[in-house]
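Notes to accompany the following structure.
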Protein chains: 2
Amino acid sequence: MIEKKKKQQKQEHEQAEGKNNIFQVAKLSGVSIATVSRVMSGKVYVSSELTSRVKKAALTLGYCPNRSASNLRKRVSKTIGVIISDIENPFFTSVIRGIETILYDAGYSLLFCNSDEDPKREKTHLSILRAEDVAGIILTPTKNNNEFCKSLVESGIQLVAIDRSPGMDYMDGVTVKNKKGAFEATSHLAQLGYQRIGIICGPKQTSTSVERLEGFKEALLHHNLVLDQKLIIYSDFRQMGGYKAMQTLLDLEFPPIAVMVSNNLMTLGALQAIHERNLKIPDQIAIVGFDDMPWATSLQPSLTAVAQPAFDIGTTAAQLLLERLKDPTRSYRQVVLDTKLMVRTSSGSKMNLLIKPVNET
Amino acid sequence: MIEKKKKQQKQEHEQAEGKNNIFQVAKLSGVSIATVSRVMSGKVYVSSELTSRVKKAALTLGYCPNRSASNLRKRVSKTIGVIISDIENPFFTSVIRGIETILYDAGYSLLFCNSDEDPKREKTHLSILRAEDVAGIILTPTKNNNEFCKSLVESGIQLVAIDRSPGMDYMDGVTVKNKKGAFEATSHLAQLGYQRIGIICGPKQTSTSVERLEGFKEALLHHNLVLDQKLIIYSDFRQMGGYKAMQTLLDLEFPPIAVMVSNNLMTLGALQAIHERNLKIPDQIAIVGFDDMPWATSLQPSLTAVAQPAFDIGTTAAQLLLERLKDPTRSYRQVVLDTKLMVRTSSGSKMNLLIKPVNET
DNA sequence: TACAAATAAGAAAACGTTTTCTATACATAA
DNA sequence: TTATGTATAGAAAACGTTTTCTTATTTGTA
């Protein structure tokens, strides 16, 4: 008799105060732990009598199921990893916000990592995320980790690439029409009569940078403008890089009269360099940026820029991931979102029709 | 015989391909799972012979321990929750970056949440983080969740408050000298000869907003300037709010000739309103912002602003948390970091070069 | 009346680790 | 020699869930 009781109690898990578990709820409500679990997850038959008793007990104890145990047993986690290359870039924070909005509603948590554009760091993060048993990962892929990504997919972790298209056929992806955006921006400058147009690019390897340069070149061709290689400067997508790149351009024997800058942070740097030399925008030099940012309308003159739907990139990526988690067999797809040229005054447009606040709450 | 073998194999966990576990490593290297675990954690005696065999097996299988199982067993997690009120605010992204830098090195992962300044959302996130069994939480506390926070601390989850001081004595905190920062900024304007100075504040409830207003008032008093209640506008720390607030100020019968804006996003909005009316900065209106941002030097004129050590706020918070995790009994402490007035041209300082930042670290 | 099907709930197994307990071999000290 | 300690490594328990397996009860149908 005593023997038997002892054995039964073996699992009673007398715990320290504060932390409580399913056994305590079961005890308080006088049911088995199975029933408690069923009530908590709420999708199986439990009598209304027991349901209410369990719910009451759970409430008074402030019980909430341990997620590690749950994940372990279910072999799935309600966590999704996000690896961003630069969290200090407002473009990416908008993306994150988009991701968060969707995933939060779907009951997922976000495990966040900053790769700093470093493939090694990216790999470390990827393996941590795997150990963490995330359901999926949304990332801005750097190069060099293709085989590793592939092995992740094989081991059942779904990936979604954003911003860059790594040319992988084993994951979904969301990008924007970089080439078209750059084409429009450059054409805009050409149409305003600027002939000597320069560009500040990002790193040579990233697909976004390459595509934007392509659009730039095509626009020059389209408008019968000569392409001077000296007016193409490669940089690093960072503010300081943009600053130095613009200095280089301005130091040329024949500097450009208009410039397209391939991302937001470099645009800030470029503006700084221009202001330092007391050049008038757009009279002495016109400028068009890529990425429309909150500060674009606060600049004097306001900044003409190619707007990317950053928030939508995030929501789209999250949705792709959710759909794939629901149906892992469906074919991989690449969603390409549109860009929009926001014409303001830094490009020298006389008709500043489109001055609107970027961000209304 | 067969019986016995079956029983032994019971634990062999023949798995699907791809995912691998400790049993497979043990099998491949011909040792027990205990030994594998000991090798992986690497702080207990295992012979060099077995160690190398296990390591090799782990490598070829690409094994890495399941974190859920580990957390469950160890009853601690290497995950830390971060709840930020607005991820689109560059100030907070710098903070996050600081947090990430420290915690990454210490082997922690970051579970990220956006509270959107909404106490209800904050509470939801807090309980998710508890279920997730995080070791600690760094948050920008909104009001109204005091008792809940307290219960978290009681159940063993350490909290660190950043940016705002909720006046709680059961958690560590990191803030900056808001009052002193606002005092200096306002004094700077007063010393330049501006007499009619306005302020755009954040929400009335947040401690940062209150402290900055206090510093503003004290500076006026100190310089024998009258305080016109009409020149104090409360807003919401967002760009649109700053835009509208500045419009309100400029629409006054006697508008201010200089303005201090209590955060970065509202400053952007205020600038927009000023530019829309084609007012010259600083000749027709001077402006000083709170929070020094990457774009401050790209503005024309460049923006005078109170710099907060956002990155350091993050690293400090992370360090406080790590120290507390190491020694949960140590007394709670509030770290207050210094601000620094970055004098540029939007405040009109060109006219008065005698002024220099009054500061010591 | 009897037998199948459906409902409800407990017992027990399983998830993949870490760690305690136990056992062996070998060295050292009494 | 015997006792004691130490290095090494396997067996088994434990972490807190979810879910399968059982069992008991109720309902429906031939």
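Letters go in sequence order (proteins before strands), and every chain restarts at 1. All values reported here derive from a predicted model rather than from experimental measurement.
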inquiry  = A:K123: which residues meet the side-chain contact (heavy atoms from CB on, under 4.5 Å) condition with it, sequence neighbours left out?
reply    = A:N145, A:F148

task = Any side chain to side chain donor-acceptor pair (under 3.5 Å) involving residues 31-40 of chain B? Give me the pairs, sequence neighbours left out, ordered by first then second residue.
result = B:S32-B:T35

message = C:dG16, OP1 or OP2 - any side-chain N/O from A:R73 closer than 4.0 Å?
response = no

Side-chain donor or acceptor of B:E323 paired with backbone N/O of B:L320 under 3.5 Å = no

request  = Name the closest nucleotide to the A:L72 side chain, picking from D:dT17, C:dT18, C:dC15.
outcome  = C:dC15

remark   = dist A:F92:CZ -> A:D163:CG (nearest 0.5 Å) comes out at 4.5 Å

query = With A:E132, which residues qualify under salt bridge (Lys or Arg N to Asp or Glu O under 4.0 Å), at least two apart?
reply = B:R67

request  = Check side chain to side chain donor-acceptor pair (under 3.5 Å) between A:T175 and all other residues, then give those that pass, not counting sequence neighbours.
outcome  = none

ask   = Please give, in whole Å, the distance from D:dC15 C1' to B:R67 CZ?
value = 17 Å

request  = With A:I137 as reference, evaluate A:V160, A:L321, A:V153, A:L159 under the side-chain contact (heavy atoms from CB on, under 4.5 Å) test and give the passing residue.
outcome  = A:L159

All N/O pairs under 3.5 Å across the protein-nucleotides 5-9 of chain D interface:
from: D:dA9; atom 1: OP1; to: B:S47; atom 2: OG; distance (Å): 2.8
from: D:dA9; atom 1: OP2; to: B:S47; atom 2: N; distance (Å): 2.7
from: D:dA9; atom 1: OP2; to: B:S47; atom 2: OG; distance (Å): 3.3

inquiry  = Going by salt bridge (Lys or Arg N to Asp or Glu O under 4.0 Å), name the residues that satisfy it together with B:D172, two or more places apart in sequence or in a different chain.
reply    = B:R324

inquiry  = According to salt bridge (Lys or Arg N to Asp or Glu O under 4.0 Å), does anything in residues 42-55 of chain A pair up with another residue at least two apart or in another chain? List the pairs.
reply    = A:E49-A:R53

inquiry  = Please report the distance, rounded to the nearest Å, between CG in B:N66 and C1' in D:dC15.
reply    = 13 Å

task = Rounded off to whole Å, could you give me the CD1-to-P distance for the A:I33 and C:dA9 pair?
result = 16 Å

message = Under the rule for side chain to side chain donor-acceptor pair (under 3.5 Å), what residues qualify as partners of B:N66, not counting sequence neighbours?
response = A:D133

ask   = How close or far is atom P of C:dT19 from atom CG of B:N71, stated in whole angstroms?
value = 12 Å

message = Rounded to whole Å, please give me the gap between CZ in B:R75 and C1' in C:dT18.
response = 13 Å

Within residues 51-58 of chain A: residues closer than 4.0 Å to DNA chain D (heavy atoms) = none

Partners meeting salt bridge (Lys or Arg N to Asp or Glu O under 4.0 Å) with A:R121 (sequence neighbours left out) = B:E100

ask   = A:I22 CD1 to D:dC15 P: how many Å, rounded?
value = 14 Å

message = Taking the axis from the first five pairs and the axis from the last five, what angle separates them in the helix from C:dT1-D:dA30 to C:dA30-D:dT1, rounded to 10 degrees?
response = 50°

query = How close or far is atom P of D:dA14 from atom CG of A:N21, stated in whole angstroms?
reply = 14 Å

inquiry  = Nearest to the B:A34 side chain among C:dA11, D:dG10, C:dG16, which nucleotide is it?
reply    = D:dG10

ask   = Taking NZ from B:K78 and P from C:dT17, how many angstroms apart are they, rounded to a whole number?
value = 18 Å

task = Please collect all salt bridge (Lys or Arg N to Asp or Glu O under 4.0 Å) contacts where either partner lies in residues 105-118 of chain B, sequence neighbours excluded, each pair once.
result = A:R97-B:D116, B:E117-B:R164

query = Counting side-chain heavy atoms from C-beta on, which of C:dC15, D:dT18, D:dT17 comes nearest to A:K74?
reply = D:dT18

